[in-house]
Amino acid sequence: MNELSRLPVTFGLIGTCVAVYVAVALAGQGHGYPLNFGLVTQPPEVLAQGALMPAAVADGRVWLLLSSMFLHSGFIHLALNMLSLYFLGSFVEQAFGKSRFLALYLSSGLAGGIAYLYFGAFDKPAVGASGAIFGLLGGVLGYSVRRGTFSWQNPLIRQLLILTALNLYFGFSVPNISNTAHIGGLVGGAAFGWLTAPTAHSSKSLRAATPTVILFGAELILLALWLLL
């Protein structure tokens, strides 16, 4: 079995992010940016159209919560996130299954975006898959807590905790990186993992879908409250 057939969702998400990145670079040519420039640093005028900015969401552009998850500011940003997605996805997709893995990724990305709405800068844009990727870490940690396998003595858990701590430290230390979405994605992923643990081996589709419905429902309520307040 090759990697593509073993990890269809992971490679599908990576492919989507790369395709969007190239599309933004191509669209930048219409704004006067040569393609080689756009492939290194994304054209800001094009990037702004899909970036998550709380002020724009308040004006009704709610879809920015989704589009911003597939945008990246430059090649290094894209490369680091895609490498992280591959290494984490190669384990988490196998452990959770394809549909749960996709639900975990998307719900974590939305959780990170909603956290940015509440605690991020109102007029500063944010892009990237980092919130969703942090959610993959949170999903495993939340699952292990519910299943009673969360322990520093567990080598997998220990490695994930160290990886989480290092990435959060990196986010706090480097300018222009907001940990708000990272922490939001981590919390959202942990909630998904915790809710999924009792249904992980259920053959009933409705029971298996319950964690996804609960988490997406909670996110919709939080988004509605933010829009109304």
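This structure is a prediction, so every number in the text was calculated from the model and none was measured. Computed over heavy atoms, backbone and side chain alike; hydrogens, waters and symmetry mates excluded.
Taken to the nearest 0.5 Å, the CG atom of L104 stands 11.0 Å off from the OG atom of S99. In this structure, the separation between CD1 on I114 and CD on E219 is 4.5 Å, given to the nearest 0.5 Å. The CH2 atom of W194 sits 13.0 Å away from atom CZ of R147, with the distance rounded to the nearest 0.5 Å. Atom OH of Y21 sits about 12.0 Å away from atom SG of C17, to the nearest 0.5 Å. One distance of note links CG of L168 with NE2 of H182; it measures 8.5 Å at 0.5 Å rounding. With rounding to the nearest 0.5 angstrom, the CZ atom of F101 is 8.5 Å from the CG atom of L88.
Side-chain polar atoms of Y33 and Q42 form no donor-acceptor pair below 3.5 angstrom. With no hydrogens or angles considered, a side-chain donor-acceptor pair links N81 and H72 at under 3.5 Å. Defined by atom type and a distance below 3.5 Å, a donor-acceptor pair is missing between the side-chain atoms of N154 and T149. Residues E93 and T10 have side chains that bring a donor and an acceptor to within less than 3.5 angstrom of each other.
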(request) Applying side-chain contact (heavy atoms from CB on, under 4.5 Å), run through L117 and L222 and close with a yes or a no. (result) CA-CA 10 Å; L117 294 182; L222 287 171; over 6 Å; no
(message) The test is side-chain contact (heavy atoms from CB on, under 4.5 Å); show your working for L225 and Y118 and say whether it passes.
(response) CA-CA 10 Å; L225 288 173; Y118 275 90; 3.7 Å; yes
(request) Please test V140 against L136 for side-chain contact (heavy atoms from CB on, under 4.5 Å), starting from the C-alpha separation and ending with a verdict. (result) CA-CA 7 Å; V140 177; L136 302 183; over 6 Å; no
(message) Before you tell me yes or no, could you show the steps for R6 and Q94 under side-chain contact (heavy atoms from CB on, under 4.5 Å), namely the whole-Å CA-CA distance, both residues' side-chain angles and the distance that decides it to 0.1 Å?
(response) CA-CA 8 Å; R6 188 175 69 89; Q94 291 286 291; 3.3 Å; yes
(request) Please test F96 against Y143 for ring pair (Phe, Tyr, Trp, His ring centres under 6.0 Å), starting from the C-alpha separation and ending with a verdict. (result) CA-CA 10 Å; F96 278 65; Y143 182 91; 5.7 Å; yes
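Taking all atoms of both residues into account, the shortest heavy-atom contact from N179 to N167 is OD1-O, 4.3 Å. Counting all heavy atoms, side chain and backbone alike, S68 lies closest to A126 at CB-O, 3.7 Å. Closest non-hydrogen pair, A58 versus F122, comes out as CB-CZ, 4.2 Å. Minimum interatomic distance between A111 and G188 (heavy atoms only, all atoms of both residues): CB-CA, 3.9 Å.
Formation of a donor-acceptor pair under 3.5 Å by the S67 side chain with backbone atoms of G50 is found in this model. When atom types are taken as modelled, the side chain of R61 and the backbone of Q49 share a donor-acceptor pair closer than 3.5 angstrom. The backbone N or O of Y105 lies less than 3.5 Å from no partner atom in the side chain of S108, so there is not a single donor-acceptor pair.
Taking a 6.0 Å sphere around CZ of F119, one finds it holds 12 or fewer heavy atoms contributed by other residues, nucleotides or ligands. Within a 6.0 Å sphere centred on CG of L35, other residues, nucleotides and ligands contribute more than 12 heavy atoms. Atom CZ of F216 has more than 12 neighbouring heavy atoms from other residues, nucleotides or ligands inside a 6.0 Å radius.
Taking 4.5 Å as the limit, every side-chain heavy atom of L195 sits out of range of all side-chain heavy atoms of T210.
There is a path of hydrophobic side-chain contacts, each under 4.5 Å, that joins I133 to L161. In the hydrophobic cluster analysis, where Ile, Leu, Val, Met, Phe, Trp and Tyr join through side-chain heavy atoms closer than 4.5 angstrom, V127 is grouped together with L83. No path of Ile, Leu, Val, Met, Phe, Trp and Tyr side chains, each step under 4.5 Å between heavy atoms, connects L80 with L137, placing them in separate hydrophobic clusters. Note on M69: it does not cluster hydrophobically with L220, by side-chain heavy-atom contacts below 4.5 Å among ILVMFWY residues.
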